Amino acid sequence: MHFRDALSSSTTVTVTVRAFARYAEILGLEETTLELDEPATVSDAVKLLRSSIPNGSRLPERPLVAINREHVLAETPLQDGDELALLPPLAGG
Amino acid sequence: MHFRDALSSSTTVTVTVRAFARYAEILGLEETTLELDEPATVSDAVKLLRSSIPNGSRLPERPLVAINREHVLAETPLQDGDELALLPPLAGG
Amino acid sequence: MSFVTRQPIDGAALLAQVADPGLGGTALFVGSVRRGKEDGPVEAIEYSAYETMLEEEFGRIVTEIRSRWREARVVGVHRLGRIPAGEISIAVAAAAPHRAEAFAACRHAIEEAKKRLPVWKKEIFQDGSEAWRDNESRLA
Amino acid sequence: MSFVTRQPIDGAALLAQVADPGLGGTALFVGSVRRGKEDGPVEAIEYSAYETMLEEEFGRIVTEIRSRWREARVVGVHRLGRIPAGEISIAVAAAAPHRAEAFAACRHAIEEAKKRLPVWKKEIFQDGSEAWRDNESRLA
């Protein structure tokens, strides 16, 4: 029962979303907060951003992403308090 | 007939021989002159050095050699005035 | 030392940082802003980054190199902000007992840096126009 | 410029010599006198050479590199005489439009130099003893 409670839609995770370079230009913001029903993955967060933020649909469906300053895959689950970063194609060096 | 004259043993080549590093130490000299019957190769010059110079037999039979400051093989023919260098195993860098 | 700088990069300083009498070979790579030809003459490139991640990611690259080439010493620096054509944007140096490891570790550092560092660049052309530019969009 | 010097080598000077706004990648290799372990602590190495051939042979290596990597710029310098442990004996730098060619040209220059340059070294140990040392006799 307790397990089921934890997965119910009443539990949410809140993440900080950061956007850089051309993604920051597209969205017109560098940082925002997103609340998602648990369990949520990076992919769920991107879907929500693409549908709920002005110009969000101009983001790619599978952008490069980092959680807490480490590259991660789209399937990675989000935890409350995570810093989710949307990274345009890299151009270091 | 002319061709045969040119190859006769009365014609010789004179080369300057230079020795470096441990070969100079072995031979006790850095430079000498060698006269060889034509036609003569690097290999002939090394043979003559090994048999005629004190400690010459301590040189290898096929040392690394250069003619006129370019690496060459033992079979290379010598020409009058050549600078023949005896090079110990290289250690550059 | 911080991996990020906003000042001109001094390649010799990196050589000095990895120098060690037990390490006989040192390889240094420096990447510079190319004047370029493809889209017109580049005046400068404006580099921006996710700076906290940039530091951490380069730290992870260094850790990986140390676990693979145990005797190697590696350092690097990335300049951010507006960098005029001809000036250095990134430098990595690796010292090792022998040259093969020094080259391998240095090459690994720059290849991983290019693939993984959260850095972006906007080319500023001589006519004043600007364009985002990534490492996939043209040969980098 | 002469390939041979008897003064300490400045790696940064080589970087400056090959720098060009059209060449985005530069690789530099510096080889130093290792303190060593195999035969005891090395105090210094005395380098001698067939100097006229040394200059010509390095010139041929540069010519070969230019014919293979047409846009590359290559320079090098070899120090002769007594070089204390920890100091640089040889440095080669190659600049090219992109990093792959810069690394390849630089690596080629040092590998050919090690194989072909008429240079010899005598190790001088801390106990005052000396020994000729070539690139085949131990891992170099």
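The basis for the numbers below is simple: all heavy atoms, side chains too, and nothing from hydrogens, waters or symmetry mates. Since this is a predicted model, take the numbers as computed values, not measurements.
Residue C:Ala91 does not touch chain A at all, counting heavy-atom pairs closer than 4.5 Å. With a 4.5 angstrom heavy-atom cutoff, C:Tyr47 touches chain A only via side-chain atoms. At a 4.5 Å heavy-atom cutoff, the contact between C:Lys122 and chain A is made by side-chain atoms alone.
When the side-chain hydrogen bond (donor to acceptor under 3.5 Å, both in side chains) test is applied to C:Glu51, the partners found at least two apart in sequence or on another chain are C:Arg6.
A donor-acceptor pair under 3.5 Å is absent between the side-chain atoms of C:Trp120 and the main chain of A:Phe20, judged by distance alone.
Contacts between residues 65-86 of chain A and chain C, counted as heavy-atom pairs separated by less than 4.5 Å, involve A:Ala66, A:Asn68, A:Arg69, A:Glu70, A:His71, A:Glu83, A:Ala85.
Taken to the nearest 0.5 Å, the CZ atom of C:Arg116 stands 11.0 Å off from the CG atom of A:Leu90.
Taking a 6.0 Å sphere around CD of A:Glu30, one finds it holds 12 or fewer heavy atoms contributed by other residues, nucleotides or ligands.
Closest heavy-atom contact between C:Asp134 and A:Ala91: CA-CB, 3.6 Å.
Heavy-atom pairs under 4.5 Å with chain A peak, among C:Arg79, C:Arg60, C:Glu57, at C:Arg60.
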